[in-house]
Amino acid sequence: MMWHLVKIINKEWLSRDIFSMEFTLHGLKPAPGQFFQIRINESYDPLLSRPISIADYEKGRLLMIVKIVGRGTEILSKKKTGDEVLIFGPLGKKLKIKNKKSLIIAGGIGVAPLYFLAKSLKKARIDFTFVYGARTPSELVLKDEIKKLSSRAVFITETGSNKAGTALSVLNELNLAEYGAGYACGPRAMLVELKKMNLQFPVYAFCEDFLGCGCGLCLGCAIKYKGSYKRICEDGPVFELKGLEFND
Amino acid sequence: MMWHLVKIINKEWLSRDIFSMEFTLHGLKPAPGQFFQIRINESYDPLLSRPISIADYEKGRLLMIVKIVGRGTEILSKKKTGDEVLIFGPLGKKLKIKNKKSLIIAGGIGVAPLYFLAKSLKKARIDFTFVYGARTPSELVLKDEIKKLSSRAVFITETGSNKAGTALSVLNELNLAEYGAGYACGPRAMLVELKKMNLQFPVYAFCEDFLGCGCGLCLGCAIKYKGSYKRICEDGPVFELKGLEFND
Amino acid sequence: MIEIFNIEFQNPVFIASGVFGFGLKYKNVTRSVGALFTKGITLLPRMGNPPPRIYETPCGIINSVGLENPGVKEFCRSILPRIKKINSRIFVNVAGFTVEEYAQIVEEIGDRVTGFELNISCPNVKEGGVLFGQNPKMAAEIVRVVRKRTRCPIIVKLTANFCDPLKVGRACIDAGADGLSLINTLYGLVFDIKAKKPLITGGLSGPAIRPFALYCVHRLRELKVPVIGIGGIMTGRDAYEFLLAGAKAVAIGTAVLRDPYAPLRIIEELDTLLKGGK
Amino acid sequence: MIEIFNIEFQNPVFIASGVFGFGLKYKNVTRSVGALFTKGITLLPRMGNPPPRIYETPCGIINSVGLENPGVKEFCRSILPRIKKINSRIFVNVAGFTVEEYAQIVEEIGDRVTGFELNISCPNVKEGGVLFGQNPKMAAEIVRVVRKRTRCPIIVKLTANFCDPLKVGRACIDAGADGLSLINTLYGLVFDIKAKKPLITGGLSGPAIRPFALYCVHRLRELKVPVIGIGGIMTGRDAYEFLLAGAKAVAIGTAVLRDPYAPLRIIEELDTLLKGGK
Ligand SMILES: Cc1cc2nc3c(=O)[nH]c(=O)nc-3n(C[C@H](O)[C@H](O)[C@H](O)COP(=O)(O)OP(=O)(O)OC[C@H]3O[C@@H](n4cnc5c(N)ncnc54)[C@H](O)[C@@H]3O)c2cc1C
Ligand SMILES: Cc1cc2nc3c(=O)[nH]c(=O)nc-3n(C[C@H](O)[C@H](O)[C@H](O)COP(=O)(O)OP(=O)(O)OC[C@H]3O[C@@H](n4cnc5c(N)ncnc54)[C@H](O)[C@@H]3O)c2cc1C
Ligand SMILES: Cc1cc2nc3c(=O)[nH]c(=O)nc-3n(C[C@H](O)[C@H](O)[C@H](O)COP(=O)(O)O)c2cc1C
Ligand SMILES: Cc1cc2nc3c(=O)[nH]c(=O)nc-3n(C[C@H](O)[C@H](O)[C@H](O)COP(=O)(O)O)c2cc1C
Ligand code: FES
Ligand code: FES
């Protein structure tokens with residue numbers, strides 16, 4: 001685990017406020033759920049790095065997909081193809097995928113780590129359904145890629161023309177008994193709702209929150225799991241949803 | 001006096017650590033000595049703008065010449081042709097040039113405002129000698145332009161091959177009685193030395209120091225002049241050398 | 001429009017003492033803010049401290065201006081009438097070196113201003129200043145003496161350097177002050193590593209100190225008196241945090257050094273937030 | 001090589017309490033620093049505070065970890081032996097909730113460590129912590145009681161929140177402490193403007209507070225005791241300023257959150273400066 005000074009070989013806007021960056025970085029063996037801490041700039045404001053998931057990794061090409069939500073991601077969004085970025089990682093536990101028919105549930109930018117997961121499932125020849133909700137159609141990024149990848153893909157938006165709703169509202173239409181494992185990433189509210197649905201198979205939640213060090217040192221990224229605090233960055237970022245206690 | 005969002009139409013490296021930036025900005029009537037406060041970046045670190053002199057202004061083309069000496073100028077140096085910069089000004093008192101044969105004394109990056117002064121003297125058909133010292137030959141920037149501009153130009157460097165010295169060491173070779181006015185800009189030590197030389201004509205010193213607001217509000221840029229504190233940014237930046245009290 | 005001390009102010013964005021001179025320069029800014037706190041005024045004229053007076057630190061600055069000002073007489077004669085033409089809401093920042101000096105300055109100015117801000121928190125002078133402000137008894141004594149000489153609102157500007165602003169603030173209120181403003185700058189030091197001696201010792205301000213300032217302001221809400229929140233406010237959002245923490249108004253300091261027009265922007269941004277926008 | 005308390009340290013760059021866990025992870029960093037201050041250890045295990053525990057502020061962070069730790073017994077059993085294999089210079093940061101607890105923790109650990117850092121300055125717990133550190137008498141009492149139970153060096157970690165570290169520091173030295181470390185975090189608050197209530201209240205650290213921390217360290221030089229300078233140190237140059245201001249060594253805190261390898265870089269940069277380079 002270390003710093004890498006990597007060059008952006010391709011930066012693209014996927015929607016009004018979501019962009020992707022591709023880097024060349026050889027020799028990694030990352031697993032879904034892992035992420036990098038990105039140094040935003042050399043100034044001390046913002047002071048901390050920002051965690052961004054591995055959205056794909058193949059033959060030394062590392063993909064990240066970022067949504068602008070605040071100052072850090074805003075500054076990052078100004079980087080161009082050819083610019084260099086300092087990244088630290090990969091961090092986080094390697095998720096072991098289950099050899100069961102799987103349900104992927106992505107809300108908004110939660111799609112980023114799940115795209116890498118989907119590719120991993122595909123590679124392991126595990127059948128899966130990819131449910132992906134966003135606010136508006138233009139915010140559904142990587143739609144074509146996901147369609148191609150998945151045995152079944154369902155897209156839904158809150159402002160959808162024929163059918164409006166969230167990723168979770170789609171679940172009622174599926175035969176949930178088919179699935180043996182679930183993977184979810186999205187806004188906290190989505191995970192809270194999903195937990196309440198009490199699905200009959202284990203669901204692995206990708207947790208996103210503000211981190212400190214990102215690498216297990218500062219205890220700044222607590223999340224309650226089975227009665228005690230775990231570190232998102234080091235014990236996660238993926239936790240079994242059942243064990244997570246959201247207190248709300 | 002206001003903020004201008006200006007685009008760099010030409011950025012060039014003049015030496016290893018000195019670069020020039022050119023902007024288009026119409027409608028100014030600047031005089032030598034005036035400067036702009038440059039916003040370094042949108043982050044709060046560094047927090048304050050940096051003062052940079054008008055090195056030239058002609059037909060709406062504004063030139064600045066900057067030497068990297070710390071973090072602010074370092075960040076600024078990374079800007080490229082096409083990038084935009086926020087500048088506030090012009091600030092500082094307009095220097096009224098004397099209609100007398102003039103001696104210009106530039107030490108290091110002090111050349112920046114004096115280049116604009118030289119052009120103004122030339123335009124007013126005032127005869128002048130331009131003495132310009134730097135540490136090494138490669139740090140003598142705008143050499144050709146200055147040669148063309150000046151009735152007489154003398155360049156000297158501390159590491160010079162045939163003749164080594166500073167701008168001040170050149171003065172001994174000149175017939176100082178010829179001159180009716182002097183203009184000097186350079187490191188503080190140069191101004192201190194020059195003051196001790198007690199020249200028989202008035203010398204106008206361009207003072208450079210760390211500024212706060214840059215526009216007369218905060219009293220952060222004090223310099224002792226004739227027994228009381230003046231503001232470099234608003235009462236200067238040009239002061240008659242005789243009145244300046246350096247206390248060292 | 002807001003009301004404090006039964007006086008109306010066009011908005012809750014004020015300019016903090018010392019960063020805008022006497023408001024005579026960027027007149028449209030002076031005109032647009034709720035009130036102007038003047039540069040600190042002393043009984044006699046002061047030259048101020050030798051340079052360097054300002055040094056930049058991470059997300060902040062240290063200043064050591066040392067209360068350069070023309071003294072109260074000259075202020076009343078040539079400056080005050082000119083400020084009043086631009087904005088009638090003026091608090092004079094009063095800096096005494098003895099208890100009696102505070103009273104004399106206030107008396108000299110009389111009721112020609114909206115009110116007074118007693119500066120018992122300046123870290124940049126050798127006597128008085130922050131030493132008064134760290135001691136609840138001294139602070140209260142100053143307020144008591146000044147109270148007898150004016151009916152105008154008295155705001156006490158508190159320090160949080162090595163003392164609890166709640167304790168000092170309470171003492172000031174009990175002694176007759178109408179409101180409190182805080183924080184003044186924190187102590188700050190930068191070393192000159194070449195000369196191996198201090199480069200500047202002074203007051204630390206700017207966004208760096210904002211979370212601490214906000215904590216202090218929030219702590220004072222139990223006093224239930226008007227508080228002017230100060231410290232590192234750069235945006236309307238920052239200002240809004242101070243209002244939520246219990247301040248009746250805010251004052252903008254260092255932000256003005258970065259941009260003399262900052263108060264105009266902050267007024268607008270805050271207005272949008274107060275109206276429920278984002 | 002430097003010497004403090006008659007003990008040799010390979011260099012004057014230490015790791016501050018709480019930002020590096022127990023030094024078990026980036027072992028080459030732990031191995032290379034002069035000493036490691038452990039995360040605060042309490043008598044009983046503690047879960048720590050609910051999230052959010054960290055929030056970024058201009059050039060700083062606020063943390064409210066709340067002394068999450070496994071308690072002194074578990075620390076001695078399973079952690080301490082592992083740290084000692086990496087670096088033998090260990091100061092245990094001791095956090096009691098009563099005077100007696102400090103003594104108990106110190107006794108439990110015995111002389112298995114280099115020394116103790118009494119944390120009387122944590123702003124993130126409801127009892128004890130900073131309240132002890134603001135009161136010279138309480139602080140001295142803790143030192144006195146602990147002094148009787150250990151011969152190891154006792155460093156007292158001071159706060160500068162609403163109290164004068166010089167006064168508290170002097171009281172601690174008079175009571176038998178061997179050295180002082182400062183500063184612990186400043187109070188800090190950020191409001192959640194949507195929910196209109198505090199988002200995080202905790203301790204402010206990072207470069208934002210450096211000029212204030214440096215001022216505090218400089219102020220303590222008159223005590224003529226070993227001082228560990230802490231607060232916003234990000235570079236060798238920053239560290240050097242603290243040494244020039246009178247500190248015998250420095251401890252790196254928040255910088256480690258930005259870069260776990262920061263201490264290695266700082267050791268090198270400082271070394272160059274101390275050797276007269278730039
Ligand atoms: C393991 C992991 C993987 C991630 N992967 C991705 C990814 O692949 N793509 C992606 O776009 N994002 C990802 N994120 C989220 C991303 O890190 C954040 O969006 C980013 O850090 C925001 O930085 P910012 O400076 O732009 O926003 P900020 O200015 O930090 O603010 C973002 C929002 O969060 C709020 N906020 C900040 N701190 C707190 C806090 N402590 N408590 C409550 N609210 C707070 C702010 O008010 C604001 O609304 C990931 C996060 C984690 C932990
Ligand atoms: C009116 C005016 C016109 C100028 N024109 C030009 C120009 O045309 N071209 C140009 O290159 N420069 C010019 N300068 C100088 C320029 O503004 C500075 O070099 C620049 O601000 C440095 O910023 P920085 O962040 O790079 O360096 P900083 O990081 O700010 O540091 C620069 C150096 O100054 C030291 N320093 C900083 N503050 C203080 C202080 N308060 N006291 C003592 N030492 C201090 C630092 O330690 C460092 O060595 C001008 C200055 C003024 C006042
Ligand atoms: C250059 C400068 C001069 C100041 N002068 C005074 C003063 O004369 N009287 C006073 O009470 N406060 C003075 N202050 C303190 C500010 O009014 C304010 O309390 C402090 O800077 C914190 O706010 P800020 O972080 O927004 O700057 C001064 C601050 C600065 C930066
Ligand atoms: C995440 C975090 C946890 C901390 N935990 C402790 C602690 O357990 N005990 C303690 O005495 N100080 C603790 N501190 C304070 C630091 O040791 C240090 O005194 C402070 O952060 C100032 O230094 P800095 O600006 O370099 O971070 C902690 C600081 C941070 C940021
Ligand atoms: S962010 Fe520091 S431990 Fe997780
Ligand atoms: S820099 Fe503020 S008055 Fe000159």
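Scope of the values below: all heavy atoms of this structure, side chains included, with no hydrogens, waters or symmetry mates. Lettering follows sequence order; numbering is per chain, from 1.
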Top contributor to chain C contacts, counting heavy-atom pairs under 4.5 Å, from [options]:
{"options": "D/Pro58, D/Ala213, D/Gly60, D/Pro198", "answer": "D/Pro58"}
{"options": "D/Ile193, D/Leu166, D/Thr159", "answer": "D/Ile193"}
{"options": "D/Met234, D/Gln134, D/Lys167, D/Arg237", "answer": "D/Arg237"}
{"options": "D/Leu186, D/Ile200, D/Asp192", "answer": "D/Leu186"}

Is D/Leu214 close to chain C through its backbone or its side chain, or both, or neither, when contacts mean heavy atoms under 4.5 Å? both

Applying a strict 4.5 Å limit to non-hydrogen atoms, the region of D/Asp238 in contact with chain C is neither

If I measure from the heavy atoms of chain D, does [X] come under 4.5 Å with its side chain, its backbone, both, or neither?
{"X": "C/Thr201", "answer": "side chain"}
{"X": "C/Leu204", "answer": "side chain"}
{"X": "C/Leu244", "answer": "both"}

Contact leader toward chain D among C/Tyr215, C/Phe242, C/Tyr240, where contacts are heavy-atom pairs under 4.5 Å: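 So the answer, after comparing C/Tyr215, C/Phe242, C/Tyr240, is C/Tyr215.
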
Looking at C/Pro211, C/Ala245, C/Gly206, C/Ala208, which has the largest count of heavy-atom pairs under 4.5 Å with chain D?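 If we count pairs closer than 4.5 Å to chain D, C/Pro211 comes out on top.
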
Heavy-atom distance under 4.5 Å between the side chains of [X] and [Y], does that happen here?
{"X": "C/Cys216", "Y": "D/Phe162", "answer": "yes"}
{"X": "D/Arg219", "Y": "C/Tyr187", "answer": "no"}
{"X": "D/Phe212", "Y": "C/Asn161", "answer": "yes"}

Spatial distance of atom CZ (D/Arg210) from atom SG (C/Cys59) [nearest 0.5 Å]: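 Separation between the atoms: 11.0 Å.
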
Quick one: pull up OG1 in D/Thr57 and CD1 in C/Ile209 and give me the separation to the nearest 0.5 Å.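 Between atom OG1 of D/Thr57 and atom CD1 of C/Ile209 there are 11.5 Å.
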
